[in-house]
2 protein chains.
Amino acid sequence: MRVRLEDVARAAGVSPKTVSRVLNDEANVTDATRERVRAAMEAMDYRPHPSARSLAGNRSFLVAMLYDNNDNPASTYLAEIQDGVLEACDAHRYSMMVRPLRMRDGDFIRRFDALISDHHPDGVVLTPPITDHAPLLKRLRERNVPYASVSPLRHGKTIGVAMDEQLAARAIVEHLLELGHRRIAHVIGIADHGASRWRLAGYREAMAAAGLSEEPALVVQGAFTFGSGVEAARQLFSLAKRPTAVFAANDDMATGVMWAAGEYGLKVPHDLSVCGFDDTPLSRQLWPALTTVQQPSREMGKIAAEQLLSVLRGNPGRLVQVPFSLQIRGSTAIAP
Amino acid sequence: MRVRLEDVARAAGVSPKTVSRVLNDEANVTDATRERVRAAMEAMDYRPHPSARSLAGNRSFLVAMLYDNNDNPASTYLAEIQDGVLEACDAHRYSMMVRPLRMRDGDFIRRFDALISDHHPDGVVLTPPITDHAPLLKRLRERNVPYASVSPLRHGKTIGVAMDEQLAARAIVEHLLELGHRRIAHVIGIADHGASRWRLAGYREAMAAAGLSEEPALVVQGAFTFGSGVEAARQLFSLAKRPTAVFAANDDMATGVMWAAGEYGLKVPHDLSVCGFDDTPLSRQLWPALTTVQQPSREMGKIAAEQLLSVLRGNPGRLVQVPFSLQIRGSTAIAP
DNA sequence: GGCAGGAATGACAGCGCTGTCAATTTGCAT
DNA sequence: ATGCAAATTGACAGCGCTGTCATTCCTGCC
């Protein structure tokens, strides 16, 4: 049958409570005892019963990852974060559950409450754009549920992980400037996502620093999707004075821009330089491959989860800044 | 504090065991009692403690969804299945966990064993290509873990959900034939995926039925990714006698084909008809929009989970066939 | 009206672990 | 050696439910 903690205790010649202490890395166990118990656990391939642990110890060893399945066209991004969160949870022997919550729905908070009451997660990982939903954050604090955020809009004392997206956006626009481009367009993402704001801010910063005043016609709204990139590009290519380069706020839109360039007979990068943001797998498969900013989504999910787990263990958590890296590839070249 | 089953029992004037019976939809409770208990539960907003239930009842109310994160570039597909599985689990008050397992790894089975020992899921949902991993299926039976499959290769007495992909592939190729195409190419998916085989078989069936003998040069290997579609298309477009239509085994590759067509100055659909398979969101955003086969992934995930849950409740489960539908859009037209 | 037999309900132990607190051992200064 | 505080270990109850089996309550039928 199943090996229980009691069996391990008998094998190691100690009380069940001592085995429990070893299992939970508690203090006040001599190294010798700890080692003996560890050996017994190993030998018997002991697996603690999560339900028993959770029932007796009043914690669930469960982390819930919340995401919005309404406003998230870039599902690759979420899948990667999910992978990272899962990796961290596994490493710490926590289990993870995913919860899609439609932020725009009226019963958003109610559904969140139900999640907590039904599953008792020890903590929660928030993904954009849920990271910035004020009523939810309030409720999390009220119910005293620890949480960590991936790319939260407001940094403050939030725990989690972030990248300096504004700096990254500025850097990629500077790359275009160095290539001699002056008429550089920007395709914005979904308006209220933090990512859209920062990337736009970075674009503006770089342009201003180069002494170029903003041309409103060169800044067009998109929605993070391939289709919205195509639309935005058509708008740009219909201008009397076309841009020579386009910085799209993510790779999907950049791909759309490249697509539309084909429609207009513009060769990339000869007639038009295009760059994106995210370094999705797609960006490397395109021809020419897309110049973009690498955002380590998987790593970011992992880090957010690790910060959360650190808090759950009673240690402090912090907002970790991850570095970005420019991926200069074939889609950008010297201005025509 | 927390409302317990005992509290509900007191409020309803019955024993805890009776409340438990109502909670679990067991027999031998009068309608009047059942109603009284239900009302009390409702009034007190009672939420059973999952760990207590699982510890005492020896079941976990947990379903694990297994997927391969090695060989699955089409993450949108998985994300949709995941959503569907989650929906079904929620409806039946089960929780769900996702488990990436690299099928090609040596310790695949060991990791699966660890999953079972650590989390005790009541059942498992298998997604392609894990559905056809013989050693895993064997182990599932040995350990007596019920499972349901999404699009399993071998139908037999498997429980789950499937679509007649071969028929769908045949139908879409017939659509091309009706448009007057004769030189129709096919881009195959990853070799050992069931999906690749069926779609190829459907292609062959349609061509043979039209009295066309297979031209080996027109059938090229891909890998379900955009990039592999581009590669395959370049191969096809370099032929002395180019195809006038390409049926790619999924939308990502079809998009790659359309991309490559641009490189070769071929206008879609005027010079070349292209069609895919899956009806990913991308297919609608392209210009021209992609003719494809709609595969209701989300629905399929939901159905697979429902069949599994049915088995867990002691009812029979079966392999549900879902209908496909052709999405005829702008990327296919009369042969040049 | 009395009784068998099944339906409805309840009493109670226990699932496998951890919290609390008591008992024991250890280390160290005297 | 001796005493004392701190470190280590253990005894025991109980987390919130469900399985088992005993008990009570109904039926229909002679």
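Quick caveat: nothing in here was measured; it's all calculated off a predicted structure. Computed over heavy atoms, backbone and side chain alike; hydrogens, waters and symmetry mates excluded. By convention in this document, chain letters (A, B, ...) are assigned in the order of the sequence lines, proteins followed by strands, and residues within each chain are numbered from 1.
With hydrogens and angles ignored, the 3.5 Å screen pairs a side-chain donor or acceptor of Asp122(A) with a backbone N or O of Ser60(A).
dG16(C) atom P lies 11 Å from atom CG of Leu5(A), rounded to whole Å. Distance CD (Glu26(A)) to P (dA7(D)): 15 Å, rounded to an integer number of Å. Going from atom CG of Asn28(A) over to atom P of dT9(D) covers 9 Å, rounded to whole Å.
Nucleic acid contact for Pro48(A): sugar-phosphate only, since backbone atoms but no base atoms lie under 4.0 Å from a heavy atom of the residue. Within the nucleic acid shown, Asn24(A) comes within 4.0 Å of sugar-phosphate atoms alone, with no base atom in reach, counting heavy atoms only. Within 4.0 Å (heavy atoms only), Thr33(B) reaches sugar-phosphate atoms of the nucleic acid but no base atom.
Contact check, Ser20(B) against dT18(D): a side-chain N or O comes under 4.0 Å of OP1 or OP2. Taking 4.0 angstrom as the limit, Thr30(B) places a side-chain polar atom (N or O) nearer than this to OP1 or OP2 of dT9(C). Regarding contacts with the backbone of dC17(C), every side-chain N or O of Arg4(A) stays at 4.0 angstrom or more from both OP1 and OP2. A sub-4.0 Å separation between OP1 or OP2 of dC17(D) and a side-chain N or O of Tyr46(B) is present.
Side-chain proximity of Arg2(A) to dG16(C), dC17(D), dG10(D): nearest is dG16(C). With dG10(C), dT9(D), dT18(C) as the candidates, the nucleotide lying closest to the side chain of Thr18(A) is dT9(D).
Residue Arg21(A) places a side-chain atom within donor-acceptor reach of the base of dG10(D), judged by atom type and a 3.5 Å distance cut-off alone.
Both the sub-6.0 Å distance and the 45° axial angle are not jointly satisfied by Arg93(A) relative to the ring of Phe61(A).
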Item to complete: Report the C-alpha distance between Asp118(B) and Arg47(A) in whole Å, list the side-chain angles of each, state the deciding distance to 0.1 Å, and finish with yes or no for salt bridge (Lys or Arg N to Asp or Glu O under 4.0 Å).
Response: CA-CA 6 Å; Asp118(B) 285 342; Arg47(A) 311 284 185 147; 2.9 Å; yes
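Within the 4.5 Å cutoff, the side chain of His120(B) has heavy atoms near those of the Pro50(A) side chain.
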